[in-house]
There are 2 protein chains.
Amino acid sequence: MATKTELRRQELRETLIMIAERTIATQGLGALRARDLAKEAGCAVGAIYNVFGDLTDLALAVNARTFHRLGADVAAALADAPEDPVEQLVIMAQAYHHFAAQNHLSWRALFDVERAEGETAPDWYLAEMGQLFAYISDPLAVIFPAYDSAERALLTRALFSSVHGIVLLGLDEASAGVPSDDIDRMIALVLRHMTMSS
Amino acid sequence: MATKTELRRQELRETLIMIAERTIATQGLGALRARDLAKEAGCAVGAIYNVFGDLTDLALAVNARTFHRLGADVAAALADAPEDPVEQLVIMAQAYHHFAAQNHLSWRALFDVERAEGETAPDWYLAEMGQLFAYISDPLAVIFPAYDSAERALLTRALFSSVHGIVLLGLDEASAGVPSDDIDRMIALVLRHMTMSS
DNA sequence: ACCTATCATTGAACTGCGTTCAATAATTGA
DNA sequence: TCAATTATTGAACGCAGTTCAATGATAGGT
């Protein structure tokens, strides 16, 4: 009772995610339209709703992939980084910046899907976020061994948020566009100052 | 040839801005609807388009006011601040945070109006932003007298972006909501570390 | 004060969107 | 092979922003 239908849906699900991923990457979240999607996938508009609750669910599925790629990029940068924990932080943050710059529309979509009133972020989002926070927290534990975990959590969040803010405003082309090198420089500036033990 | 019509339009323009301001403040940018607006203002839907190019223009007019109130709040906080330039930065940043917290939906609308493809930010936006940057840059000139204006501009932008990022993610209720005190603490943490001369 | 050419206002209609659901087609166990 | 069940379809619905032909107001010349 499950095979034929289940398989078809699985396939359609992946097709739709791939198309949506490409659409978001090249034209942004706002270009995601049910009819275009159906036409490209060669299915009926209604078929989308057999597989996803609504278009937001589809966008979230794309976001899960994007966030995962982002995490992988940061992890890869960390793997190639030197021992020095401050340098590790700088390299990870710049990897975050470069991912955002090279996947601008997909990265924006991570924050632009509107959640229904009072709805909390999906689990995978919190999990990926937790992973990123862990990458940051580990070097901080080396730099500030005297901090307890609550203080370190606060500092972790502060650093992530700061880097995110620098990248967000830096890539916002409305405000005349900040050169990529300047963004890297601001990131390094903040991180190096924030991690001076004195 | 200008009086009667011109006056009526001026009045309608202000009425619409006031209604839109209230709508955005209480229900968010997404609740701004042409028909509701016309009903509340007691005019035809088409009348909105005699006065504003489209609903985005109206939202931008509201944003101009919001941004101005924000600037005034920051300026007021600075006026009451002690001489110490580091404390001035902390107090201004916390004023930014408190404005964002107490005018959450209006503040979000500042960044959520979507600009048409390739369109640059309006002049008043850049002007208000420049004003905020000036408030930050002045104390920095006291703290780091040796920096040239390019270095100081970079640091100014880095600090503003960091504080903005901390407030943005801190107020994002999807990520489980960060306590207001923690946000203030993160702001102070970043600013005090960033402004240690050593 | 009137008249009419000009301009402003109106709201029904147009387009485009996400989403639904009665009708149709496919599937599957007997 | 054949119903009973289940899945798919796409025309239709509701609700946005925006437009524009028809209606109403305005103002300068007489």
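Proteins come first, then strands; the chains are lettered A, B, ... in the order of their sequence lines, and each starts at number 1.
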task = Classify the side chain of Arg35(B) and the base of dG17(D) as holding, or not holding, a donor-acceptor pair under 3.5 Å.
result = yes

Whole angstrom is fine here: how far is it from [atom1] in [X] over to [atom2] in [N]?
X	N	atom1	atom2	result
Glu114(B)	dA16(D)	CD	C1'	13 Å
Leu16(A)	dG18(C)	CG	P	13 Å
Ile48(A)	dC21(C)	CD1	C1'	16 Å
Glu6(A)	dT8(D)	CD	C1'	15 Å
Leu7(A)	dT27(C)	CG	P	12 Å
Leu29(B)	dA16(D)	CG	P	14 Å
Leu58(B)	dT18(D)	CG	P	11 Å
Asp54(A)	dG18(C)	CG	P	11 Å

Nucleotide of [options] approaching [X] most closely (side-chain heavy atoms):
X	options	value
Arg33(B)	dT20(C), dT19(D), dA16(D)	dA16(D)
Asn50(B)	dG10(D), dT9(C), dT9(D)	dT9(C)
Arg9(B)	dG18(C), dT9(C), dA12(C)	dT9(C)

query = For DNA chain C, whose closest nucleotide is more 5', that of Asp36(A) or that of Gly46(A)?
reply = Asp36(A)

ask   = Heavy atoms under 4.0 Å, any strand shown: does Leu32(A) hit a base, just sugar-phosphate, or nothing?
value = sugar-phosphate

task = Remember a base hit wins even if backbone is also touched, and classify Arg8(B) as base, sugar-phosphate or nothing at under 4.0 Å, heavy atoms.
result = sugar-phosphate

request  = For Tyr125(A), check ring-ring contact (aromatic ring centres under 6.0 Å, His included) against everything at least two apart and list the hits.
outcome  = Phe67(A)

key: Test item: Glu151(A) side-chain N/O and Asp148(A) main-chain N/O as donor-acceptor pair under 3.5 Å   = yes

key: Between His98(B) and Asp184(B), a side-chain donor and acceptor under 3.5 Å   = yes

key: Atom CZ of Arg152(A): over 12 foreign heavy atoms under 6.0 Å   = yes

query = How about Phe111(B) and His164(B): are their ring centres within less than 6.0 Å of each other?
reply = yes

